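First comes the structure, then the notes that go with it.
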Amino acid sequence: MLWTRWLVLLLCWGATGSEEQADERGAVPAEVRSDSRRERSPPPVEPLDFGFVPAAVYDTHAYYEPGSMGILFHMVHAFLYIIQPNPFPKDLIVKVIQQNMGGIKIEEWRKGREQIDNWVNALLPQWIQYESGFLICATFGVVFVVLIPVIAMCFCMCRCCDNCGGEMHQRQRKNADCHRGFYTASLVATTIFIIVGVLIALAANHNISSQVKSTRRLINTNMRDLKTFANNTPAQVDYLTAQYTTAKNKVLSDLDNIGPLLGGRIHIQLEKSVIPSLDTALRMAGAKVESAIKAMRETKEALENVSSSLEVLQDGVGKLQASLSGERASLSNTLSDPACTNGAVSHTCNTIRSTLSQLGINADFSKIPDVNHALANVNTVLKTDLSNIVQKGYASFNDTPRLVKEQTKNIVAGTRVKGMLDKIGAEITGFSKMFPVEASLANFTIFLNERHKAIESYYPQIDQMDFYRWIACVAVLCMVVLVMAFNILGLLCGNCGYDKQASPTTRGCLSNTGGNLLMAGVGFSFIFAWVLMVIVTTLFVVGGNVEKLICEPLANRQLFKIIDTPFLVHPEKRNFLPGMLFQNPNIDLTLGGMYRECYDNNGLYHALQLETMFNINSFLNRTVYNRDLAKVFDSVQVDLQGITLLEQAGRDNLINFANSGIGQIDFQVYLTEVNKGVTLIDLLSFCSDLEGQADQLPRGALENALRGHASSIRFIHREQVVPLEQAMSTLHQSVKQLQKTSNDLPVKVTNVLSAIDAAEYLIAHNASHVVKQETKAYVQGLVGYFKQYTEWVKNSLTTEVAQCKPISNIVDSMEIVGCSFIIDSLNTFWFGLGSCCILLIPSIIFSVKLAKYYRRMDTEDVFEE
């Protein structure tokens with residue numbers, strides 16, 4: 001068959017790939033297992049747009065609508081179903097083929113003639129049972145063919161002996177008109193039915209001729225479709241290989257943008273999983289840092305207060321000492337006045353003189369060490385911006401894309417990956433050019449052109465043969481038409497020339513002619529009926545069996561099941577089709593399966609299951625994503641352990657702050673001196689006492705002098721002692737605060753460092769899981785682009801490349817031409833002609849009976865009065 005040769009020619013190059021089957025079969029399980037693992041947790045891969053494979057537009061519409069002829073075809077099919085209601089004998093045909101082809105039971109042929117007879121005796125009853133309807137009808141036809149000439153001879157001889165209506169005498173009967181009317185109506189009805197049968201046969205004859213011309217259209221469109229298939233397939237293959245560039249460019253683009261892509265994905269995932277925990281850690285660290293900063297500032301402020309207060313006290317105490325010494329000396333001079341020698345006054349002066357020693361300084365701040373060293377350490381620590389630690393922690397995540405890009409620049413910046421991808425593309429292109437697809441398809445196109453021209457060269461012969469067939473069928477129908485012409489003319493002449501008043505011996509010429517025409521029709525019926533029945537029986541047996549054994553099984557695809565029966569032609573060859581095409585009968589390829597795939601317009605690669613000979617998906621998996629490329633992708637590593645929230649200098653400053661010397665300050669010395677008070681005695685009390693003593697003195701210069709000294713001392717108290725007391729109060733509070741801070745300071749510093757260490761650990765270790773996961777997902781995304789390409793190639797080969805609709809169209813066109821155009825019309829022809837043959841029997845009977853009433857008789861019954 002033409003399409004079989006075409007398949008073998010087209011796919012001859014595929015057989016060369018069979019040498020790689022062993023390697024591919026070994027590679028497939030591992031690939032399947034790896035694919036299954038990837039499918040269980042597929043990374044989110046951006047879908048690639050590979051466009052549309054250039055589609056082939058096929059012109060053939062393998063569909064036939066018989067129109068009004070369909071009614072006749074259904075009638076014939078119904079008649080054949082009545083004749084042959086048995087199901088298709090698939091098992092019986094398989095047994096016959098296996099016996100004849102030397103299949104499973106070939107050894108029986110070696111056992112001699114007896115075994116052959118046993119086989120015939122076993123299968124023949126089944127075949128007779130299946131063909132029982134056809135055998136009965138064929139027997140009836142044969143009996144008809146044999147009996148009609150015999151009956152005709154007997155009928156002629158009988159009439160020659162004046163019997164069987166041959167006597168030219170008609171008896172008078174009262175119901176003669178009723179008989180004549182009945183025979184006339186019956187003959188008219190029979191003639192009409194015969195004419196209908198003739199028209200059915202004529203329509204079937206004309207349908208064959210008209211459909212022969214449609215066959216040319218089907219042949220032309222099928223040839224064009226095969227050429228379209230041959231011309232489009234190389235372009236489709238080139239398109240598949242060219243689309244590798246889409247996946248390659250996407251991979252290169254993702255590698256170039258690895259910073260925002262991978263870094264951004266890490267950042268997003270960290271926001272979902274790590275950032276909440278980090279927020280807690282950083283808030284905790286921030287709170288502790290703020291607390292430490294507050295403590296540092298308070299410590300600095302306290303130290304500054306201590307330092308300034310100490311300076312004020314040291315300076316003020318010196319000045320106060322000088323003022324009090326001067327005032328004491330002045331007061332002593334005043335008490336040395338002669339007025340104090342007076343007996344009444346001397347006691348008072350002596351009392352005042354005894355208190356002069358109390359006008360002195362009580363606290364000595366000159367020996368207290370300063371806190372400048374501790375203050376300098378605190379100022380150094382405060383220069384470290386500890387408050388920016390939290391912002392720095394978040395900024396480290398925002399800087400993840402830059403960090404990722406920096407760590408992977410050696411992979412991205414090099415030309416190694418691009419060189420590998422270009423090499424893979426060259427291998428795919430080279431592989432597509434390895435097989436002579438274009439050359440084979442070009443030769444196939446030349447073959448199609450030659451076959452098309454050869455077929456077209458037969459068109460004149462086919463037309464001539466169809467013309468002869470049409471003439472023969474018309475000639476056969478003319479036999480029936482001739483009989484019908486005699487019947488119709490006989491009825492017209494007989495009815496028009498019949499005279500009720502005329503006696504049988506005096507009937508007119510027209511009536512007698514009608515009777516003779518009817519008898520002529522009877523004669524031609526006997527002459528043609530058996531010939532027509534021979535034709536009908538032959539066409540019935542042939543056309544009916546072809547319809548039941550070929551056309552119906554082809555329509556419901558039962559015929560494919562016979563061809564696809566395992567071990568049909570040989571006990572060691574499982575499947576017929578792959579054994580014929582690829583010399584490998586073990587491939588699970590069936591004709592029915594291939595037809596269904598081609599009917600659905602799928603690719604020839606999938607329809608012929610070429611993956612069993614060469615697994616293109618395995619080749620692409622090995623080529624597109626090879627070990628070298630896998631090593632490069634696996635080398636993509638990102639490490640966030642370099643993120644530092646607090647530099648070592650800042651840690652040292654915090655430790656130095658804890659060791660700033662605040663804890664070494666002798667706070668008790670400060671408190672002891674502060675608690676002593678500024679002066680030995682309260683100057684205001686001293687002034688009050690001095691004024692009280694002055695009140696006891698008589699008025700005079702001494703009293704006024706003492707009051708002046710009291711006023712001077714009050715001034716000293718107001719101007720010098722009060723500020724010193726305030727400074728001492730500030731110093732006291734600052735010392736107390738420093739004393740308290742010195743106890744909490746190491747703990748606070750330790751808490752700050754612990755919180756920062758916890759946040760850094762969370763980034764460096766807990767986030768590493770997210771980083772590894774996203775890095776793996778990113779690499780799998782790169783691999784996913786190649787996987788998309790291989791899956792797209794596989795799906796395209798299955799459904800879009802080398803779409804084999806022309807193959808199913810050829811099968812359907814053969815069914816349309818052979819069954820719908822020819823067999824259905826042939827069966828309709830014998831159906832109409834057979835009905836005419838059957839109806840000729842009543843036509844003969846009614847014509848003979850009716851002719852008696854139209855022909856002129858020689859004698860008649862005479863009744864005397």
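Source: prediction; values computed, not measured.
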I'd like to check the ring-ring contact (aromatic ring centres under 6.0 Å, His included) partners of Y64; sequence neighbours left out, ordered by chain and number. F821
Working to the nearest 0.5 angstrom, can you tell me the gap between R596 CZ and T590 OG1? 5.5 Å
Taking C-beta and beyond as the side chain, do V212 and S209 meet within less than 4.5 Å on heavy atoms? no
Validation row: Q243, V53 side chains within 4.5 angstrom (heavy atoms): no
So, does Q211 use its side chain to make a donor-acceptor pair with the main chain of V817 at under 3.5 Å? no
Those residues at least two apart in sequence (or on a different chain) that pass salt bridge (charged side-chain N to carboxylate O under 4.0 Å, His left out) with D600 are none
How would you list all residue pairs meeting salt bridge (charged side-chain N to carboxylate O under 4.0 Å, His left out) that involve residues 66-76, not counting sequence neighbours? none
Hey, are the side chains of L797 and H606 touching, using non-hydrogen atoms and a 4.5 Å cut-off? no
Partners meeting ring-ring contact (aromatic ring centres under 6.0 Å, His included) with Y595 (sequence neighbours left out): F560, Y599
Residues in salt bridge (charged side-chain N to carboxylate O under 4.0 Å, His left out) contact with K548, at least two apart in sequence or another chain: E552
Sidechain-backbone polar pair: Q788 side chain, L48 backbone, donor-acceptor under 3.5 Å: yes
In Å and rounded to the nearest 0.5 Å, what is the CG to NZ distance from N222 to K227? 12.0 Å
Can you find a pair of side-chain heavy atoms, one from T215 and one from I462, that are under 4.5 Å apart? no
At what distance, to the nearest 0.5 angstrom, does NZ of K248 lie from OG of S253? 13.0 Å
Qualifying residues under side chain to side chain donor-acceptor pair (under 3.5 Å), relative to N86, sequence neighbours excluded: Q84
CG/N795 to CZ/F50 distance, rounded to the nearest 0.5 angstrom? 11.0 Å
Test item: N220 and R217 side chains (from C-beta on) under 4.5 Å apart, heavy atoms: no
Can you run down the salt bridge (charged side-chain N to carboxylate O under 4.0 Å, His left out) pairs that involve residues 796-805, sequence neighbours left out, and say none if there aren't any? none
Interatomic distance, OG@S825 vs CD1@I208, rounded to 0.5 Å, equals 5.0 Å
Apply salt bridge (charged side-chain N to carboxylate O under 4.0 Å, His left out) to D824 and list each qualifying residue two or more places apart in sequence or on a separate chain. none
With distance as the sole test, does N827 use its side chain to make a donor-acceptor pair with the main-chain N or O of I823 at under 3.5 Å? yes
Going by ring-ring contact (aromatic ring centres under 6.0 Å, His included), Y244 matches just one of Y789, Y239, Y785. Which one? Y789
Closest heavy-atom contact between N602 and T798? CB-O, 3.1 Å
Heavy-atom donor-acceptor pair, Q803 side chain to T799 backbone, under 3.5 Å: yes
Measure the shortest side-chain to side-chain distance between V57 and T228 over non-hydrogen atoms and say whether it is less than 4.5 angstrom. no
For N249, which residues count as a side chain to side chain donor-acceptor pair (under 3.5 Å) partner, sequence neighbours excluded? none
Taking salt bridge (charged side-chain N to carboxylate O under 4.0 Å, His left out) as the definition, give me every residue that meets it alongside E815, ordered by chain and number, with sequence neighbours left out. R557
May I ask you to test the H77-Y81 pair for a side-chain heavy-atom distance under 4.5 Å? no
Value for CD1 (I550) from CG (L554), rounded to nearest 0.5 Å, stands at 8.5 Å
Salt bridge (charged side-chain N to carboxylate O under 4.0 Å, His left out) contacts touching residues 52-75 (sequence neighbours left out): D59-R224
Among V76, V542, L80, which residue satisfies the side-chain contact (heavy atoms from CB on, under 4.5 Å) criterion with E547? L80
Describe, in one word, how the ring planes of Y130 and W127 are oriented to each other, choosing from parallel (under 30°), tilted (30 to 60°) and perpendicular (over 60°). tilted
Side chain to side chain donor-acceptor pair (under 3.5 Å) with T221: which residues, sequence neighbours excluded? T60
